[in-house]
K.L.:
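Got a structure for you, questions after.
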Amino acid sequence: MGMQATVQRKISQFVRPLLFDDPTDDANERGNHLSRRDMLFGKGLGSALLGGAMSIPAFAEKTVEDEIAEQGKDAKGYDPLLRRLVDRCCYGASKQDLDLAAEMGYDDYLDYQLDHTNIDDSDLQDRLSDFVSLNWSAKQLADAANEGNYEVFYEIINSTIMRSAYSKRQLYERMCEFWRDHFNIFIEKDYMYYMLPTDTRDVVRKHALGSFPDMASASMHSPAMLIYLDNDPSSKEAPNQNYARELMELHTLGVGNYTQKDVEEVARCLTGYSFVWEYDHPNWGKFKFYNWAHDKKKKKVLGYEIPKKGGVKDAEIVLDILTNSPEYAPITGRFIGRKMANWLWGYNPPEALVNSIADTYVSSGGNIKKMIKVALSPEWLVQSLPKMKRPYHLVMSTLRMLPSEIIDFWSIRYTLSLMGHEPYQWSPPNGYSDQLEYWAGGLLPRWRYGSYIYSQNYNPLFDISAFEGEMDTDTFIKRVDNTFFGGKMSQADRTILWNYADESIASVWRRREVLGLAVSSSNFQWY
Amino acid sequence: MHKCKQRGCNEYNNLSRRQFMGVGAATAAAVGAPLWLPRVAFADGPTDRDVLIAVFLRGGADALTMCVPHGDNHYYSLRPTLNIPRPDSGSQDACTDLDGFFGIPKPMKSLKTAYNQGDLLYVHATGTPDESRSHFQAEYVTEIGKELDASVFTGWIGRHLTSAAPASPTAILRAVGINSALQRSLVGAPLALPIPNLSDFGIEGWSETVDDRMAAIGQMYAQGPVQLQITAANTITTFNTINAIDFENYTPSNDAVYPDSWFAQSMKSSAALIKSGIGVEAICVDIGGWDTHADQQPREGYMADLMQEVADTLSAFHADMKGDSTKNYVVAVMSEFGRICFENATAGTDHGHGGLMMLLGNNIDGGRVLTDWPGLGDDELFQGQDLAITIDYRDILAEIVQYRLGNSNLTEVFPGYTPVFRGVTAV
């Protein structure tokens with residue numbers, strides 16, 4: 001598996017996107033870079049190869065500001081900035097999402113999404129009622145496995161898909177995905193089918209819009225994380241460094257902000273952090289600290305003395321240093337802030353935005369909602385550029401934009417795996433990449449996904465009745481535009497799809513194929 | 001709403017899988033050619049350049065287990081339980097001696113054939129100067145071919161391909177990353193695509209309309225966001241060519257048997273791709289799972305199985321490629337770092353420094369272990385805990401780039417570094 005793109009203070013400066021991204025954070029240089037790139041790689045090279053027309057300026061190059069300057073409200077009467085906000089909050093902005101946001105206005109819509117517990121989600125709750133194991137303990141899941149019931153193991157993945165596709169708490173679900181990558185755990189490792197549901201529930205979902213220090217602490221006490229990163233058997237004789245390192249490198253500070261000695265000392269602090277091992281114990285799989293395995297001597301972490309005989313408190317003090325201390329909270333704030341800005345705002349966020357989120361982290365003690373409000377503030381978002389949907393986002397946006405019912409989850413997981421983006425299947429601890437360069441190379445699997453839309457072998461049943469029956473090509477294409485592009489389809493796409501739909505051999509099938517082509521199109525890959 | 005289901009959609013149901021997968025071009029084989037080869041004849045061009053297959057062991061492979069320094073006494077005190085016994089120990093897990101000092105562990109024994117034939121070279125105590133012990137930073141540095149530098153984002157293979165004329169002037173695909181995304185090493189390469197599975201590069205739906213659909217997609221991407229234009233064009237021009245090769249029915253030469261694993265099948269497909277002569281010059285293949293912090297099991301079990309998978313695959317690839325003497329190749333196996341020489345209390349090893357490279361190829365001066373062995377004594381270990389690096393990995397790769405890949409623009413490929421050639425290629 002390839003791996004990439006930890007976004008952190010040091011790394012973000014050198015992980016430079018392929019041909020595309022802006023290597024500077026200076027907005028003034030962006031224009032220069034684009035034109036340089038255009039000269040180097042030849043704007044319209046694709047066209048030349050394919051015999052198409054010269055390429056027209058594509059929306060992925062325009063900030064919201066540019067759009068507003070050009071056209072004010074868009075063709076459908078939506079404010080482009082509001083549309084961007086909805087795009088950033090949701091897995092695909094459906095007409096209902098846009099209308100709701102338009103009714104509320106920018107600030108209220110953002111507050112509405114952030115106040116997620118007050119959004120009525122009863123429709124999702126009904127859909128989730130079949131998932132019996134979501135509140136089970138690891139022990140209950142293991143017992144089920146012993147009884148030969150393996151169905152429940154897919155509930156963690158399937159419920160994730162279900163929630164992304166059908167929850168009204170869209171921003172919350174998008175942030176759950178963000179933290180799922182940040183605190184990545186690979187489901188194929190030992191015990192994870194029993195442990196990961198607990199982690200998802202008690203770490204990621206519990207704190208996704210809460211406090212970062214609380215979430216990091218929950219993660220540090222999560223058997224799934226401790227097992228995934230090999231801390232569970234670690235003991236004072238020669239501590240295992242895996243989790244200790246990633247706690248600093250990937251979860252809080254970022255690489256370069258600690259020494260190897262710090263890793264060794266943190267590993268000592270973490271000795272004894274494990275889980276209840278005895279399988280017959282009713283608490284099997286729950287967090288347990290083993291004092292006998294713990295290194296009781298004093299330690300020194302990042303310049304701080306950790307007194308001897310601190311027991312379970314040692315690692316908690318370490319976490320406090322990492323997330324709350326005057327020296328290290330700003331570093332963690334920047335690290336998290338840059339990642340969050342990359343997720344919510346766009347690729348290569350400006351330093352000033354990152355600093356602003358980091359300042360908010362420090363002043364609020366790691367309040368995630370407040371950090372999001374900065375990242376999604378209109379002043380910043382108006383300068384943002386579109387992002388490429390990761391495959392999971394692509395699939396979820398299709399499910400949300402075409403009315404759909406998921407009949408079985410297998411085909412969804414299968415297409416996600418073809419695209420290299422099945423939830424919980426990333427084995428290294430850095431999580432799936434959130435960089436354009438990573439995802440931009442693999443297009444064929446996305447086109448295959450598009451082709452599934454009209455194939456009966458694919459089982460989320462899409463309701464495509466609105467596209468069937470007698471209608472002229474104009475009407476048909478208009479529906480495609482409204483459904484997939486919110487009425488903003490490019491003239492080029494319109495012409496190409498119109499011609500495809502209007503071939504003399506036009507048939508139900510030919511038109512269905514147009515739906516697949518719309519999902520495969522370049523413009524549908526962005527948000 | 002579920003009309004399709006109810007009507008039965010016979011139009012689709014009656015298609016065979018291959019038709020359904022929608023390979024547009026005809027795939028009939030030419031008379032006389034092996035059946036798996038495409039009908040189309042490709043201009044291979046006169047070249048004796050090697051095709052490069054870069055195999056990356058992701059996670060930091062434990063060099064002391066894969067090429068055992070049984071002649072260094074410190075090894076056995078550093079690894080009281082996780083060692084591979086000496087060749088003369090009488091242990092059933094004893095390593096096979098290579099040169100009186102190093103040995104290969106039993107799970108990798110199949111490589112002895114290639115070694116004895118002079119096609120396999122081990123390079124020990126090598127690696128990148130990066131000291132972060134971070135997987136992600138060390139991989140990044142290894143793959144860009146330069147010390148940590150904010151301004152470099154292209155890979156060393158990518159820049160090699162940019163600065164070398166195509167081996168085949170008509171090639172439509174010069175590099176493949178066998179992965180969902182392009183490996184960093186390949187970033188920046190012209191005509192490069194990530195292809196997770198070469199034998200599954202089709203598109204679903206009705207085969208009759210595949211060409212039309214691909215054309216429509218191509219037109220939309222040509223006029224869509226500029227960031228995806230080149231990749232889309234490459235994908236479309238490559239589509240029929242890749243599909244014309246019947247990877248599933250490819251028969252390896254010399255009765256070579258590849259293991260039944262993802263990595264092995266990727267290497268097998270790579271052999272087929274090289275032999276098909278479509279002009280691919282570089283292939284990146286990854287195999288993960290080397291981050292053995294706990295329960296490493298070097299003799300039997302976890303890491304032993306992983307090593308055997310690699311060894312048996314490379315051995316099969318070696319035998320397979322022997323069957324076509326016109327195809328020059330070099331497999332370069334590397335990892336982001338080796339592991340700490342001390343074992344930890346959880347029967348594993350943590351992130352270290354110096355590591356191992358393996359070179360397999362018909363132009364490699366193999367059958368030996370190339371090293372400037374730094375020793376494993378207390379005062380010899382890097383930062384008191386790791387195998388030191390005495391050969392920069394770029395010394396090895398640069399020599400291959402210059403002598404076997406026909407590119408002397410080494411300042412382009414490995415900027416800021418003056419490599420010292422170590423004589424790894426056969427003259």
Side-chain angles (χ1 to χ4, degrees), chain A residues 1-3 6 11 13-14 16-18 20 41 43 45-47 49-50 52-53 55-56 58 60-61 230 233-235 237-238 240-242 249 255 260 420 427-428 430 436 438-444 447-448 451-452 455-456 461 463 465 492-493 496 500 509 513 517 520-523 526, chain B residues 1-2 4-5 9 11-12 58 132-137 139-140 148-151 153 179-184 187 193-194 196 201 203-206 209 213 216-233 235 237 286 288 293-294 342 344-346 348 350-351 383:
Chain A
M1 54 236 102
M3 58 181 70
T6 32
I11 283 199
Q13 291 162 11
F14 65 74
R16 284 306 174 204
L18 185 50
F20 325 114
F41 298 104
K43 203 161 192 166
L45 171 65
S47 317
L49 283 169
L50 295 160
S55 81
I56 51 176
E61 312 252 329
D230 301 313
S234 188
S235 68
E237 286 78 24
N240 190 305
Q241 299 169 6
N242 199 6
E249 177 182 334
V255 71
Q260 171 63 11
S427 68
N430 59 342
L436 174 61
Y438 183 82
W439 296 108
L443 295 177
L444 187 68
W447 305 344
R448 290 178 71 169
S451 69
Y452 268 99
S455 154
Q456 66 164 12
L461 282 188
D463 180 2
S465 53
D493 288 353
I496 294 159
Y500 196 95
W509 290 109
E513 286 177 345
L517 293 174
S520 307
S521 74
S522 193
N523 285 317
W526 300 80
Chain B
M1 141 174 202
H2 304 156
C4 167
K5 202 85 174 173
C9 305
E11 208 171 354
Y12 278 71
R58 306 268 171 191
S132 69
R133 297 170 192 270
S134 153
H135 294 296
F136 313 105
Q137 181 163 316
E139 288 188 12
Y140 172 77
L148 199 54
D149 183 336
S151 67
F153 57 91
N179 198 21
S180 296
L182 214 55
Q183 287 90 343
R184 170 72 62 185
V187 169
L193 282 179
F201 197 64
I203 189 163
E204 281 73 5
W206 195 13
T209 61
R213 285 186 282 136
I217 288 172
Q219 289 164 16
M220 288 193 290
Y221 276 76
Q223 300 180 67
V226 68
Q227 292 93 327
L228 304 179
Q229 287 179 0
I230 293 171
T231 305
T235 307
T237 52
D286 294 337
H293 286 275
F342 300 96
N344 64 30
T346 60
D350 294 300
H351 301 184
Q383 295 183 352

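Lettering of chains follows the sequences in order, A, B, ..., and the numbering in each one begins at 1. All values derive from a computational prediction rather than experimental measurement.
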K.L.:
Taking side chain as everything from C-beta outward and backbone as N, CA, C, O, which of these in A/Trp447 sits under 4.5 Å from a heavy atom of chain B? Side chain, backbone, both or neither.
P.N.:
both

K.L.:
Looking only at heavy atoms, which two atoms of B/Gln137 and A/Val255 are closest? And how far apart?
P.N.:
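The pair with the smallest heavy-atom distance is OE1-CG1, 3.3 Å.
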
K.L.:
So, for B/Asp350 and A/Asn242, which heavy atoms are closest and what is the spacing to 0.1 Å?
P.N.:
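Here B/Asp350 and A/Asn242 meet closest at OD1-N, 3.9 Å.
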
K.L.:
Please find the pair of heavy atoms, one from A/Ser522 and one from B/Pro225, that lie closest to each other, and give the distance.
P.N.:
OG-CD, 3.2 Å

K.L.:
Does the side chain of B/Arg213 reach to within under 4.5 Å of the side chain of A/Ser451, using non-hydrogen atoms?
P.N.:
yes

K.L.:
Which atom pair, heavy atoms only, marks the closest approach of B/Ser134 to A/Glu249?
P.N.:
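Minimum heavy-atom contact is OG-OE2, 2.5 Å.
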
K.L.:
Is the shortest heavy-atom distance from the side chain of A/Tyr438 to the side chain of B/Val187 under 4.5 Å?
P.N.:
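They are not in side-chain contact.
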
K.L.:
So, taking the atom named OH in B/Tyr221 and the one named CG in A/Asp493, what distance separates them when rounded to the nearest 0.5 Å?
P.N.:
9.5 Å

K.L.:
For the residue pair A/Gln241 and B/His351, establish whether any side-chain heavy-atom pair is separated by less than 4.5 Å.
P.N.:
no

K.L.:
Is A/Pro428 close to B/Phe136 at the side-chain level, that is, under 4.5 Å between some pair of heavy atoms?
P.N.:
yes

K.L.:
Hey, what do you get for CG (B/Asn344) to CG (A/Asn240), rounding to the nearest 0.5 Å?
P.N.:
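The distance works out to 5.0 Å.
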
K.L.:
Could you check B/Gln223 against A/Ile496 for side-chain contact (heavy atoms from CB on, under 4.5 Å), going step by step and ending with a plain yes or no?
P.N.:
CA-CA 10 Å; B/Gln223 300 180 67; A/Ile496 294 159; 3.9 Å; yes

K.L.:
Measuring from atom CG of A/Asn523 to atom CE of B/Met220, what distance do you get when rounded to the nearest 0.5 angstrom?
P.N.:
9.0 Å

K.L.:
Does a donor on one side chain sit under 3.5 Å from an acceptor on the other, for B/His293 and A/Asp230?
P.N.:
no

K.L.:
On a heavy-atom basis, which atom in B/Leu228 and which in A/Leu443 lie closest, and how many Å separate them?
P.N.:
O-CD1, 4.0 Å

K.L.:
What pair of heavy atoms forms the shortest contact from B/Ala345 to A/Ser235, and how long is it?
P.N.:
CB-OG, 3.7 Å

